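Following: one structure in structure tokens, then a few remarks.
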Amino acid sequence: MSEVRIAGLLAGQVPLGTQVAVKGWLRTRRDSKAGLSFLHVSDGSCFDPLQVVVPDTLANYQEEILKLTAGCSLVVEGRLLKSKGSGQATELQASSVRVLGWVEDPDSYPIAAKQHSFEYLRQVAHLRPRTNTFGAVARVRHCLAAAIHRYLDEHGFIWIHTPIITANDCEGAGEMFRVSTLDMLNVPRAADGAVDFSEDFFGRGAYLTVSGQLNVETYCQALSKVYTFGPTFRAENSNTPRHLAEFWMIEPEIAFADLADNADLAEDFLKSIFEALLSERSDDMAFFAKRIEPECIKRLEAFIESPFERMEYADAISALEKSGKSFEFPVAWGRDLQTEHERYLTEEYLKRPVVVMNYPKEIKAFYMRLNEDGRTVAAMDVLAPGIGEIIGGSQREERLAVLDQRIEEMGLNRDDYWWYRDLRRYGTVPHAGFGLGFERTVQYATGMANIRDVIPFPRTPKNADF
RNA sequence: UCCCCGAUAGCUCAAUUGGUAGAGCGAGCGGCUGUUAACCGCUAGGUUGCUGGUUCGAGUCCAGCUCGGGGAGCCA
């Protein structure tokens, strides 16, 4: 007897009539007076459950089958047959059903066979993967992650495992989580009363990374095309459907490249992974289109087919000024684009993704390359309808003198960046890269409204449960 | 962190000007049916988020707290 996953059975990989064993969890049970029960069993390998037909002639029919409830774990053996019903092509005619684990007190089982709110399911995050939605999210998440690695591998990128713990308290991307083994009830003090981190584990202050970019640039300057894909941490008190304290980020970095190359990569990369998603997880995407966001498949198809708009920051400002809209936040050259501005550009003005390029240097990071005009830097943001900023990137400043000047202008300490500056002293090359928020990508693809529902165990202010 | 809203049965919600808490789903039992968001009947299920206050009387009004949601900022 062969043992197979339900995905393979439903995909027709096993000939009808074959005797198989299936292991999974019960979704629903319906009994018929014709002397049989119908079980929907899922093993998570695909969206659809397998229908199992159980005749009342099985020895444990009265004592066990009729008492099965949602969530029970089962081993079903039987023959794969063409279904007599209309809801599915094939079904399993059971010759034995073994119950591995019962659900104690079905009345209070948190995942009843009914619709639950996402807010509620977050409180039972250990059980929510058993629902249609969260099973689908998990498979889509995996599919996109695999597609990302595959694309980058096929295009000659090397995956660099940049550190999670960093002693750079100067990465400049917001509040950081401190990593310490000091006894917080009895911290060592220096003479001036400040905490003495020289006695801490690393002999200095240490933090969780907010970005692998500075580290990955070092490998970029040797391997040409590299990327990071790992968890990232921000200790910002952000309470929105788009922010997490712990999230995953992809950061490609390419040498011998400028901002235009960077934008081209971002576009080809995004289109490629969404194409993979549509072809490999059509079952889950059909579910999202039916129950979560009716437009999500059409949106991805349009995303793949139409070229991204490319727009100068200055032109974006002009478009906003000419829009006739009254924005809550003022529009002016030198000011950053607010959420409402980004939404207007992608959702009303262009109705598709746009790469906004060359921002005023004052509102961007020190490492972004200064343009000829002396007032803008080669930065880019990829904005998408419905989600806003999905990618932020730039060409990096490869000229040491200019980099030093920018470090000084921003009030940063040059010595803190000694190894980063070394890259500009030893065989510097033009290079560029960007950061893609993985959860936001999953959100965009599925239409899931809240970022807390596209990561298994969301970490947000006041919540690190599970 | 700021603004707005919310917390009532396992879940989703209702409850009139302050007057003894109700429905659907789920669960249990029974009926019916190659069923599939099944359908029909019956039953059980509540210290109304926490603390305090006003009142003869509070799910309802007031204050504080906790947690959740939406919007904004920060950003990916």
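In what follows, chains are A, B, ... by sequence order, proteins preceding strands, each numbered from 1. Predicted, not measured: the structure shown is a model, and the values here were computed from it.
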query: Is a donor-acceptor pair below 3.5 Å formed from side chain A:Glu91 to base B:U36, judging by atom type as modelled?
result: no
- prompt: Which residue lies toward the 5' end of RNA chain B, A:Ser117 or A:Arg29, if each is placed at its nearest nucleotide?
  reply: A:Ser117
B:C11 base / A:His116 side chain donor-acceptor hit below 3.5 Å: no
message: The side chain of A:Arg440 is closest to which nucleotide in this list: B:G34, B:A76, B:G68?
response: B:A76
- prompt: Among the nucleotides B:G34, B:A76, B:A72, which one has an atom lying closest to any side-chain atom of A:Val53?
  reply: B:G34
field: 5′-ward residue of the pair A:Thr460/A:Arg343 relative to RNA chain B
entry: A:Thr460
message: Angle between ring planes, A:His155 versus A:Tyr151, binned at 30° and 60°: parallel, tilted or perpendicular?
response: parallel
- line: Whole-Å distance, A:Glu246 CD to B:A76 P, equals 17 Å
- request: Output the single nucleotide from B:A76, B:U33, B:U35 whose closest atom is nearest the side chain of A:Asp31.
  value: B:U33
pi-stack flag for A:Phe38 and B:G34, centroid dist under 5.5 Å, interplanar under 30°: no
query: A:Arg452 CZ to B:G68 C1': how many Å, rounded?
result: 9 Å
task: Round to a whole Å and report the spacing from CG of A:Asp56 to P of B:U35.
output: 16 Å
message: Distance check needed: B:C3 P versus A:Glu328 CD, whole Å only.
response: 14 Å
field: Base of B:U1 paired with side chain of A:Glu236 (donor-acceptor, under 3.5 Å)
entry: no
message: Can you identify which nucleotide, out of B:C67, B:G73, B:G34, has its nearest atom closest to the A:Lys462 side chain?
response: B:C67
